[in-house]
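Report on the structure given below.
Keep in mind that the numbers below use all heavy atoms, side chains included, and drop hydrogens, waters and symmetry copies. All values derive from a computational prediction rather than experimental measurement.
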Amino acid sequence: MTTISTSENDPGRGPPVAPLRTEPDRNCPLCPRLAGFRAEARAREPEWFNSPVPSFGDPDGRLLIVGLAPGLQGANRTGRPFTADFAGDLLYATLIEYGFARGVYRARPDDGLTLVDCRISNAVRCVPPQNKPLPAEINTCRTFLSATIATMPNLRAIVALGRVAHESALKTLGLRSAAAPFAHGAIHQAGALKLYDSYHCSRYNTNTRVLTPEMFRSVFAKVKADLGR
Ligand code: SF4
């Protein structure tokens with residue numbers, strides 16, 4: 001597992017190390033194509049969030065769920081991962097069912113829903129055109145995913161929703177793709193941490209029955225059992 005120092009002014013460790021940045025600036029310029037897409041959306045829909053979507057949930061949680069990227073009219077509009085995205089309906093219902101969320105999901109960030117022992121983030125924080133980030137954008141935004149993972153002290157389980165999240169998490173954890181191929185239901189060990197794979201709970205995957213609610217629930221049932229909850 002990748003270990004990234006987060007500390008401090010310890011004279012025995014050399015010069016001070018800047019704290020890891022888990023959240024990008026509102027105007028993060030690192031992916032020019034996505035920054036341009038974001039600017040267009042701000043001009044068109046000034047009431048929308050239209051910024052890198054921050055992680056949601058408990059930094060001290062043991063579970064991190066990693067999605068792909070905000071949907072244009074979902075998380076990009078509301079500012080909370082998966083909120084008002086089609087995929088959020090199944091994700092939040094499942095999290096509530098397995099005790100990783102509390103409250104009622106109403107597809108809006110002020111619905112009072114809280115995550116329990118759990119956090120949600122995305123491999124890419126800005127909405128990409130056609131929901132398709134480029135490889136360079138995934139690589140660039142990994143700095144924030146890596147920092148998020150490195151600053152969760154109790155993290156034991158990561159659920160990767162889809163192949164892009166899986167690959168990005170693998171690179172962060174220092175695992176090779178050949179040794180840990182993506183497959184729905186697969187579990188990969190990285191030190192004390194387990195990476196669980198699931199097909200993404202997207203509209204396309206659920207409508208085509210590539211992913212059924214039962215298949216999705218089985219992943220979280222396994223995580224819950226492994227965490228002893
Ligand atoms: S996708 Fe990530 S790295 Fe790229 S501009 Fe957005 S926040 Fe910055």
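- Between the CG atom of Leu195 and the CD1 atom of Ile187 there is a distance of 9.5 Å, given to the nearest 0.5 Å.
- For the ring-ring contact (aromatic ring centres under 6.0 Å, His included) test, no residue two or more places apart in sequence or in another chain qualifies with Phe100.
- In this structure, Asn205 and Phe216 have side chains that are not in contact, with every pair of non-hydrogen atoms separated by 4.5 Å or more.
- For residues 190-203, every residue pair satisfying the side chain to side chain donor-acceptor pair (under 3.5 Å) rule, not counting sequence neighbours, is listed here: His166-Asp197, His188-Asp197, Tyr196-Asp226.
- A donor atom on one side chain and an acceptor atom on the other are found under 3.5 Å apart for Ser121 and Ser55.
- Judged by distance alone, the side chains of Thr22 and Thr151 never bring a donor and an acceptor atom under 3.5 Å apart.
- For Arg108, the CZ atom counts as loosely surrounded, since its 6.0 Å shell holds 12 or fewer non-hydrogen atoms of other residues, nucleotides or ligands.
- Partners of Phe56 under the ring-ring contact (aromatic ring centres under 6.0 Å, His included) rule, at least two apart in sequence or in another chain, do not exist in this structure.
- For Glu45, there are no salt bridge (charged side-chain N to carboxylate O under 4.0 Å, His left out) partners, not counting sequence neighbours.
- A donor-acceptor contact under 3.5 angstrom links the side chains of Asn139 and Arg142, judged on distance only.
- Residues Leu72 and Phe49 fall into different hydrophobic clusters, defined by Ile, Leu, Val, Met, Phe, Trp and Tyr side chains chained together at heavy-atom separations under 4.5 Å.
- Judged as a ring-ring contact (aromatic ring centres under 6.0 Å, His included), not a single pair has a partner in residues 107-147 (not counting sequence neighbours).
- The distance from atom CG of Leu63 to atom CG of Leu155, rounded to the nearest 0.5 Å, is 8.0 Å.
- The list of side chain to side chain donor-acceptor pair (under 3.5 Å) pairs with a residue in residues 24-36, not counting sequence neighbours, reads Arg21-Asp25, Arg26-Ser51, Asn27-Arg42, Arg33-Glu137.
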Review point. After noting the C-alpha distance and the side-chain angles of Arg156 and Asp117, does the key distance pass the salt bridge (Lys or Arg N to Asp or Glu O under 4.0 Å) rule?
Key: CA-CA 10 Å; Arg156 294 292 174 273; Asp117 202 14; over 6 Å; no
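- A distance of 5.5 Å separates CG of Asn154 from CG of Asp60, quoted to the nearest 0.5 Å.
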